[in-house]
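Scope of the values below: all heavy atoms of this structure, side chains included, with no hydrogens, waters or symmetry mates. Remember, it's 1-based here, ligands and their atoms both numbered in the order they're listed.
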Amino acid sequence: MKIFVVNAGSSSLKYQLIDMENEQVLAKGLCERIGVSGAISHKAADGRTYSADTAMPTHSEAFEAVVYALTKSEAKVIDSFDEISAIGHRIVQGGSIFPESCLITPDVLSKIEELGALAPLHNPAHVLAIRACIKTFGEEIPQIAVFDTSFHQTMPAKAYMYPIPYEYYEKYGVRRYGAHGTSHRFVSDRVAVLEGKDKRQIKIITCHLGNGCSITAIKDGVCVDTSMGFTPLDGFMMGTRSGTVDPSALTYIAEKENLSPADVNRICNKESGMLGISGVSNDNRDIAAAAEAGNKRAQLAVDMQRYEILKFVGSYIAAMNGVDAIAFTGGIGENDPGLRKTVCESLEFVGVKLDEEKNQLRGQEVKISTEDSRVNVYVIPTNEELAIARDTLAIISK
Ligand code: ADP
């Protein structure tokens, strides 16, 4: 059975075709500049590639280009789209409405659209993509929504509420929703397997560190707290995002510089974090190289990010009254031994002991703590597309 996984933005569309018999990716690709011009780059599992500049005024033309790439191009992997059993969509915001993945019905689609108020950059694009799929592939093929927020819906109110007047929660739904939930779920499920334990009996902290970063506390198999909040800006510093900042500092700057709320939003989302502090780049590799070469602001960015990660991990150990396993994932979590070492060294007080040699490994699943470490520490490459495909398969099999 083949599942088509879609991760659509307003001007881009990432996709994978996964064969669920062996969970292997048959092909993956990216459409870019939708609504502007249009380009597709597509790669089959055996290395064949296809790329083209094709007009994509809307997501519908993008999907038509994908169909061509999959079924007719020099990198084709199937004869017809009819071979595909279902489509799984990554949806950024499910609000408090969607505690789990579900079949997309007209009612679900309109709810995803309404939740665009909470994720204006993402949900409207998902809706466009779902409608384009209906247009391109017909109404027969099941489409499944997998929400970044679902995994975090188990948080208790004491963890998801902000201490501001209650009416803003009631009127506008202002609360912590979290993000990266599909990744945290995938990684924590994998940790439970590696630990050889029922996930309902262990305490796990998952650190998803990529361009966006979040940390989640998972107890008895469910999320009890997470660092991202009302939006994916909350938490700790990321590539270009600030994470939590004293709101008074922001209103002070806004007054001084005559900035609108939209300006502040842009500055905190696009000009802050590792980029804002280092002045070098948002990319960890560039910042590490600059720090190595003696750039003090780059070094400060590195130190700040590691310190904030450590504080979140520490606070979640307290929140869960202990921890059995910690996992690192995402581009940075999977590839930055220096960051993992700094964080783990300060966790010696809970019995973390790092295996320095194993910690040097990058981009692969490995336990990086020693055999006598009281807390097991893992690197687990995340695979959100596979998680989406698995949910999609589970729902259509019901
Ligand atoms: P996204 O959140 O966009 O999916 P990724 O998970 O791909 O991002 O993570 C991107 C980050 O991972 C970048 O900061 C990049 O520098 C970092 N990264 C990727 N590969 C390496 C590496 N080999 N060493 C250090 N950092 C890396």
Show the protein residues that qualify under the rule heavy atom under 4.0 Å from an atom of ligand 1, listing them in chain and number order.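 If the criterion is a heavy atom under 4.0 Å, then ligand 1 touches Gly210, Asn211, Gly212, Asp283, Asn284, Arg285, Gly330, Gly331, Ile332, Asn335, Arg362.
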Which pairs of donor and acceptor atoms, one on a side chain in residues 102-111, lie under 3.5 Å apart (sequence neighbours left out)?
residue: Thr105; atom: OG1; partner: Asp107; partner atom: N; Å: 3.4
residue: Thr105; atom: OG1; partner: Val108; partner atom: N; Å: 3.1
residue: Asp107; atom: OD2; partner: Lys111; partner atom: NZ; Å: 2.9
residue: Ser110; atom: OG; partner: Asp107; partner atom: O; Å: 3.0

Assess, by modelled atom type and distance only, whether the side chains of [X] and [Y] contain a donor and an acceptor separated by less than 3.5 Å.
X	Y	result
Gln143	His89	yes
Asp234	Tyr162	yes
Ser41	Ser51	no

Hydrophobic clusters join Ile, Leu, Val, Met, Phe, Trp and Tyr when side-chain heavy atoms are under 4.5 Å apart, directly or via other members; which others share one with Ile40?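 When side chains under 4.5 Å apart are linked, the cluster holding Ile40 also contains Phe4, Val6, Leu13, Tyr15, Leu17, Leu26, Ile34, Tyr50, Met56, Phe63, Val66, Val67, Tyr68, Leu70, Val77, Ile78, Phe81, Ile84, Ile87, Phe137, Ile141.
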Hydrophobic cluster mates of Val302, side-chain heavy atoms under 4.5 angstrom, ILVMFWY only, any path? Met237, Met274, Ile277, Ile287, Leu300, Met304
